[in-house]
Amino acid sequence: MKKITQISIIGAGTMGNGIAHVFAQYGFKVALVDREEYSLSNAKKTIEKNLHRQAQKSLIETAHIPAILNQISTYTDLSEGLKNSDLVIEAISEDKEAKLHIFREIDRLSAPEIILASNTSSISISSLASQTSKPDRVIGMHFMNPVPLMTLVEVIRGANTSKECLEKIVQLTEQIGKEAVVAKDYPGFIANRILMPMINEAIETLFQGIGDVAGIDAIMKGGMRHPMGPLQLADFIGLDVCLSILNVMHEGFKNPKYAPSPLLVNLVTAGHLGIKSGRGFYDYSDAKNPTALQNF
Ligand code: NAI
């Protein structure tokens with residue numbers, strides 16, 4: 001298989017900008033693609049801010065920041081962004097139809113020997129692979145948020161992913177300083193299979209009035225040594241992303257235990273998506289001092 005030197009990342013939101021940051025930091029050429037120009041300009045600002053944070057913590061040299069930023073080019077045109085790429089990592093919204101469509105497009109527009117990875121949290125890798133002419137080279141590469149800080153990548157082997165492709169992606173993950181854990185291709189894989197039922201249960205506990213936002217999060221932080229409470233974490237991930245993942249697991253397993261809490265559905269319908277919309281279980285008007293909301 002061809003050596004990976006150039007990587008296209010499709011979707012420049014929360015995850016896409018973090019993935020671009022890490023690959024550029026490790027010397028890869030990165031093409032960051034988004035259909036929205038503002039997402040690309042926000043992503044570049046976020047990457048620069050986060051690189052300076054790393055420099056303040058002496059994790060990288062300030063003098064290297066311009067060269068790292070130079071490794072990243074941005075595109076709104078998919079075919080331009082795929083030119084000369086050895087690997088594509090898709091990180092668009094967690095919407096199955098949208099992902100199936102973009103996999104068809106990527107397959108049509110990219111070089112035949114390319115590897116196609118998805119950062120999906122829950123959607124079947126085999127179903128994405130079925131949209132392409134190279135299912136042996138389609139794989140899941142599920143980064144954790146925030147990507148520059150988190151040291152783990154869940155690597156998902158689809159039904160047709162080849163051993164060579166799996167080995168290449170595990171090796172690449174290690175090359176960027178992260179640990180790879182391989183999971184089979186079932187809804188939610190390992191990470192969200194365990195995490196999302198906990199978050200959903202925390203939301204149900206709030207919905208039933210058993211505790212309030214601050215109390216539920218305090219119990220899991222102080223009582224279970226979790227670094228973040230589950231409601232705070234849900235706001236951080238994005239309530240729309242949590243709802244999409246639960247829906248995929250609910251439909252995939254046909255098991256009512258994964259049914260999303262009506263409160264989660266209501267909040268997403270109302271546009272309260274967590275940090276990214278300024279409100280979820282907390283109010284982020286003062287970004288440094290989020291306040292736990294009442295009256296759910
Ligand atoms: P996001 O909503 O922050 O960003 C998605 C980006 O994709 C947006 O900038 C949007 O403009 C762009 N986009 C949507 N459709 C597009 C298309 N057809 N072509 C080009 N760009 C398009 O989403 P986020 O949170 O970054 O999630 C992306 C993926 O990563 C999802 O599959 C999600 O499940 C997964 N993920 C999310 C995590 C999180 O904590 N938010 C953690 C791990 C995985």
Side-chain angles (χ1 to χ4, degrees), residues 1-37 39-48 50-51 54 60 64-92 99 102-120 125 128-129 131-143 147-148 153 155-156 158 161-162 164-178 180:
M1 267 187 178
K2 207 168 157 244
K3 187 167 183 270
I4 295 172
T5 55
Q6 183 158 329
I7 299 175
S8 300
I9 295 158
I10 319 299
T14 311
M15 296 305 288
N17 82 62
I19 299 168
H21 171 144
V22 171
F23 278 107
Q25 188 187 333
Y26 279 83
F28 291 85
K29 275 188 74 103
V30 174
L32 185 57
V33 183
D34 202 289
R35 61 183 178 189
E36 308 288 354
E37 191 60 62
S39 289
L40 292 168
S41 57
N42 283 346
K44 284 210 96 166
K45 281 186 216 142
T46 304
I47 294 169
E48 188 166 359
N50 289 340
L51 285 167
Q54 285 178 306
I60 57 167
H64 293 164
I65 293 177
I68 296 173
L69 289 170
N70 249 334
Q71 293 288 101
I72 306 172
S73 314
T74 56
Y75 303 87
T76 47
D77 183 84
L78 184 60
S79 100
E80 285 293 314
L82 291 171
K83 267 187 194 150
N84 303 320
S85 198
D86 308 304
L87 166 68
V88 178
I89 303 176
E90 169 279 309
I92 68 166
K99 286 198 195 279
I102 202 118
F103 265 72
R104 286 196 292 275
E105 287 298 286
I106 295 169
D107 187 51
R108 188 171 66 81
L109 298 169
S110 58
E113 64 278 9
I114 202 163
I115 295 180
L116 308 183
S118 175
N119 185 53
T120 178
I125 298 302
L128 300 177
Q131 306 297 302
T132 75
S133 56
K134 36 185 134 6
D136 56 318
R137 264 175 287 123
V138 178
I139 192 160
M141 225 182 157
H142 180 212
F143 287 83
V147 185
V153 178
V155 175
I156 301 103
T161 310
S162 70
E164 293 72 29
C165 176
L166 180 70
E167 282 168 0
K168 185 112 197 156
I169 292 300
V170 167
Q171 184 196 30
L172 180 73
T173 303
E174 288 162 0
Q175 214 179 318
I176 54 168
K178 300 197 189 291

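Numbering starts at 1 and runs along the sequence shown.
With values rounded to the nearest 0.5 angstrom, Leu69 atom CG is found 5.5 Å from Leu51 atom CG. Between the CG atom of Leu166 and the CD1 atom of Ile115 there is a distance of 10.5 Å, given to the nearest 0.5 Å. Between atom NZ of residue Lys29 and atom CG of residue Asn70 there is a gap of 9.0 Å, rounded to the nearest 0.5 Å. For the atom pair CG of Asn84 and OG of Ser110, the computed distance is 12.0 Å after rounding to the nearest 0.5 Å. Separating the CD1 atom in Ile47 from the CG atom in Leu32 is a distance of 6.0 Å, to the nearest 0.5 Å. Here the CD1 atom belonging to Ile65 is positioned 4.5 Å from the CD1 atom belonging to Ile60, to the nearest 0.5 angstrom.
Residues Leu172 and Leu87 meet the side-chain proximity criterion, which asks for heavy atoms closer than 4.5 Å. The shortest side-chain heavy-atom distance between Lys99 and Ile92 falls under the 4.5 Å cut-off. By the 4.5 Å heavy-atom criterion applied to side chains, Phe103 and Ser118 are counted as neighbours. Under the 4.5 Å side-chain criterion, counting only non-hydrogen atoms from C-beta, Ile89 is in contact with Phe23. With a 4.5 Å cut-off on side-chain heavy atoms, Asn119 and Ile9 do not count as touching. Contact check for Leu82 versus Ile10: side-chain heavy atoms found under the 4.5 Å cut-off. Taking the side chain as every heavy atom from C-beta outward, Ile176 and Phe28 approach each other to under 4.5 Å.
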Table please: side-chain donor-acceptor pairs of residues 11-21 below 3.5 Å, with sequence neighbours left out.
| unit_1 | atom_1 | unit_2 | atom_2 | d |
| --- | --- | --- | --- | --- |
| Asn17 | ND2 | Gly13 | O | 3.0 |
| His21 | NE2 | Gln25 | OE1 | 3.4 |
| His21 | NE2 | Gln54 | OE1 | 2.7 |

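The side-chain hydrogen bond (donor to acceptor under 3.5 Å, both in side chains) contacts involving residues 167-178 comprise Lys163-Glu167, where partners must be two or more places apart or lie in separate chains.
With Ser8 contributing its side chain and Gly81 its backbone, the two residues share a donor-acceptor pair below 3.5 Å. Side chain of Gln131 to main chain of Arg104: no donor-acceptor pair is present (N/O by atom type, distance under 3.5 Å, no hydrogens or angles). No side-chain donor-acceptor contact under 3.5 Å links Asp136 to the backbone of Ser162. Thr161 places a side-chain N or O within donor-acceptor distance of the main-chain N or O of Val138, the cut-off being under 3.5 Å. The main-chain N or O of Thr5 is found under 3.5 Å from a side-chain atom of Asp86 such that the two form a donor-acceptor pair.
When the side chain to side chain donor-acceptor pair (under 3.5 Å) test is applied to Glu36, no partner is found at least two apart in sequence or on another chain.
With respect to the salt-bridge test (charged N to carboxylate O, under 4.0 angstrom), the residues Lys134 and Asp107 qualify. Between Glu105 and Arg108 there is a salt bridge, since a side-chain N of the basic residue sits under 4.0 Å from a carboxylate O of the acidic one.
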